[in-house]
Amino acid sequence: MADPKGFLTTGREVAETRPVGERVKDWNEVYVPGSLLPIISKQAGRCMDCGIPFCHNGCPLGNLIPEWNDYAYREDWTAASERLHATNNFPEFTGRLCPAPCESACVLGINQPAVTIKNVEVSIIDKAWDSGDVTPQPPERLSGKTVAVIGSGPAGLAAAQQLTRAGHTVAVFERADRIGGLLRYGIPEFKMEKSHINRRIEQMRAEGTKFRTEVEIGKDIDAAKLRRRYDAVVIAAGATVSRDLPVPGRELNGVHFAMEYLPLANKVQEGDLTVSPITAEGKHVVVIGGGDTGADCVGTAHRQGALSVTQLEIMPRPGEDRNANQPWPTFPMLYKVTSAHEEGGERVYSVSTTHFEGDEDGNVQALHLIEVEFKDGKLEQKPGTERKIPAQLVTLAMGFTGTDQSNGLVQQFGLELDERGNVARDADYATNVGGVFVAGDAGRGQSLIVWAIAEGRSAARGVDRFLTGASELPAPIRPTDRALTV
């Protein structure tokens, strides 16, 4: 095990962030480069090597956390990387972007601050890349079978890499101009620099995976023709339909979905644009939605030079400690201060937007809201609490409702949907159409990156078994598995 007394003698230390005044002037990742390695071995030594590691239950990937903690404590980075990659294709993504349900389930977290599992993970993989331990793993032989993967987010990339390494010839189709899905155009550069995606894509290319960008299945290629061309198809198109806010004034200029706003900022960083067509510069910005996408909008607005940033959330402010009805090891709803929130702005809870107000040219100028409260399990408005706030740019970050059906993909395949509007699948991730499988948010609904990768790995096993009659690929989760919550 790691340090037998580490959890008693070492306190929790996390990655150091750059000063706010410095980092809001650029788009680099917010953490001080190299600040983790001097402390991370001792942090890994806090792992208790508990008899039942509940961190395994918190993470759908089944990451071997005590094992790679032990190797990190001993600074055996090669072995740590091997154990990390045994369950996770892209730990540099999850180590930066996952909210770490593994830490919520850490046994040490019962009465002390949990092990910094996420920081240990990202330290291991960054060290592995720097030392050359991450190399292509092409298959020893080809199966002669072909697979098309629709979507290049974490689920699609995980499925593609697993199937390529199993010997199948895999082509990934992406409707955007670059590979990565929401990792590329939904996650701001300051949360994850896109160089991390680029080097994984190069690894996958070296292994044999083919990539086709600017091809939208359903529009550019008929889905039925795609099915006839390939022996199997994996749909990993995500849940990209944004939840709208149908209130008066929604049509005003300056009211945008978050996924209209964020990708343009990323395109500036890619060099495609000099200035974003939708910018917060010199504007009062309101972000509707208190989740991670909303926080991404907040951080982006800071870097674009917003006059003010206000984030609205319809739910009450969470507490800073676990509620009794969210006991360990479940993933609790806690008040979270992200790096974007550290940079400024106001967060307003228990409010609902009633309408937008515009000027004579049709541009949004203000947002009208009212306070709300729960009564008898229902959300009700509180009379007399109406007010308005300035708003020249509004982003709607209220989540996603399902996979895109406007492009014809669902109809052309003839896919059945479940009661929530997701693509229905069986225990092997197979849809009602022979040889067509679904993984990630398209089948599960909006979820976390670790669930997407776990689904991609699991669906790959189903595809491999369909193509060859058997499979040795791992399947960490079933389609019906859900997060450890109450």
Side-chain angles (χ1 to χ4, degrees), residues 14-15 17 23 27-31 33 36 55 58-61 63 65 84-85 87-104 114 116-126 128-129 134 151-158 161 178-201 236 238-240 258-259 262-263 265-266 269 289-300 303 331 334 336-343 397 399-400 439-441 444 446-457 483:
V14 297
T17 54
R23 69 185 194 231
W27 293 81
N28 300 330
E29 289 183 10
V30 301
Y31 297 103
L36 274 176
C55 53
C59 178
L61 285 164
N63 283 333
I65 296 166
L84 188 55
H85 280 104
T87 57
N88 188 351
N89 297 70
F90 314 117
E92 66 271 39
F93 302 166
T94 55
R96 286 173 168 82
L97 304 176
C98 180
C102 54
E103 293 187 20
S104 298
T116 56
I117 298 170
K118 182 175 172 179
N119 280 182
V120 176
E121 177 181 19
V122 79
S123 299
I124 294 170
I125 184 57
D126 285 354
W129 278 108
V134 184
S152 68
L157 291 179
Q161 186 167 64
R178 290 181 176 85
I179 295 297
L182 288 184
L183 294 173
R184 174 75 65 179
Y185 286 130
I187 302 298
E189 193 86 358
F190 59 83
K191 282 183 67 175
M192 186 180 74
E193 295 173 9
K194 301 306 175 273
S195 58
H196 300 296
I197 304 175
N198 296 339
R199 62 186 180 187
R200 273 297 175 187
I201 299 307
T240 57
M259 289 311 300
L262 293 172
N266 281 352
Q269 300 311 307
D292 288 338
T293 303
D296 294 343
C297 292
V298 170
T300 299
R303 283 158 180 77
F331 189 67
L334 299 175
K336 183 168 65 172
V337 179
T338 70
S339 64
H341 297 129
E342 292 174 351
E343 295 161 2
F400 303 90
D441 290 1
R444 174 170 293 271
Q446 179 184 347
S447 190
L448 304 178
I449 184 172
V450 281
W451 285 92
I453 296 174
E455 287 230 349
R457 290 171 65 87

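To the nearest 0.5 Å, atom CD1 of residue I197 and atom CD of residue E92 are 9.5 Å apart. Atom NZ of K191 sits about 13.0 Å away from atom CD of E189, to the nearest 0.5 Å. If you take CG on L84 and CD1 on I124, they are separated by 5.5 Å, rounding to the nearest 0.5 Å. To the nearest 0.5 Å, atom CE of residue M259 and atom SG of residue C297 are 9.0 Å apart. Here N266 contributes atom CG and I187 contributes atom CD1; the two are 8.5 Å apart, rounded to the nearest 0.5 Å. For the atom pair S152 OG and L157 CG, the distance stands at 5.5 Å (nearest 0.5 Å).
Nearest approach of N63 to C59, heavy atoms of both residues: ND2-SG, 3.5 Å. Residue A340 comes nearest to A295 through the heavy atom pair CB-O, 3.3 Å, listed as atom of the first residue, atom of the second, then distance. Shown here for A239 and F400, the closest heavy-atom pair between the two residues is O-CB, 3.0 Å. Of all heavy-atom pairs spanning F90 and I453, the tightest one is CD1-CD1, 4.1 Å. Contact record, A265 with T300: CB-CG2, 3.8 Å, taken as the closest heavy-atom pair. Closest approach of P60 and G58 over heavy atoms only: CD-O, 3.7 Å.
R184 and N198 share a donor-acceptor pair across their side chains, judged by distance under 3.5 Å alone. Between the side chains of R178 and Y185, at least one donor-acceptor pair of N or O atoms lies under 3.5 Å. Side chain to side chain, E121 and T94 meet the donor-acceptor criterion of an N or O pair below 3.5 Å.
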Q: List the steps, then state whether side chain to side chain donor-acceptor pair (under 3.5 Å) holds for Q446 with D441.
A: CA-CA 5 Å; Q446 179 184 347; D441 290 1; over 6 Å; no
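Residues I449 and L183 meet the side-chain proximity criterion, which asks for heavy atoms closer than 4.5 Å. I125 has its side chain out of reach of N88: every pair of non-hydrogen atoms, C-beta onward, lies at least 4.5 Å apart. The side-chain heavy atoms of E343 and R23, taken from C-beta on, include a pair separated by under 4.5 Å. The side-chain heavy atoms of H196 and W129, taken from C-beta on, include no pair separated by under 4.5 Å. Side-chain contact check for R200 versus N89: every heavy-atom pair is 4.5 Å or farther apart. Contact of the H85 side chain with the P91 side chain is registered, since non-hydrogen atoms from C-beta on lie closer than 4.5 Å.
Note that R303 lies in the cation-pi zone of F190, set by a 6.0 Å cut-off to the ring centre and a 45° limit from the axis.
Of the possible donor and acceptor atoms, none in the side chain of R444 sits under 3.5 Å from a partner among the backbone N and O of A439. N119 places a side-chain N or O within donor-acceptor distance of the main-chain N or O of A15, the cut-off being under 3.5 Å. Not one N or O on the side chain of E342 forms a donor-acceptor pair closer than 3.5 Å with the backbone of V337. Proximity of a side-chain donor or acceptor of T17 to a complementary backbone N or O of Y31 within less than 3.5 Å is not detected. Looking only at distances, a side-chain donor or acceptor of K194 sits under 3.5 Å from a matching main-chain atom of M192.
Salt-bridge formation is detected for the pair D126/R96: a Lys NZ or Arg NE/NH1/NH2 atom is positioned less than 4.0 Å from an Asp or Glu carboxylate oxygen.
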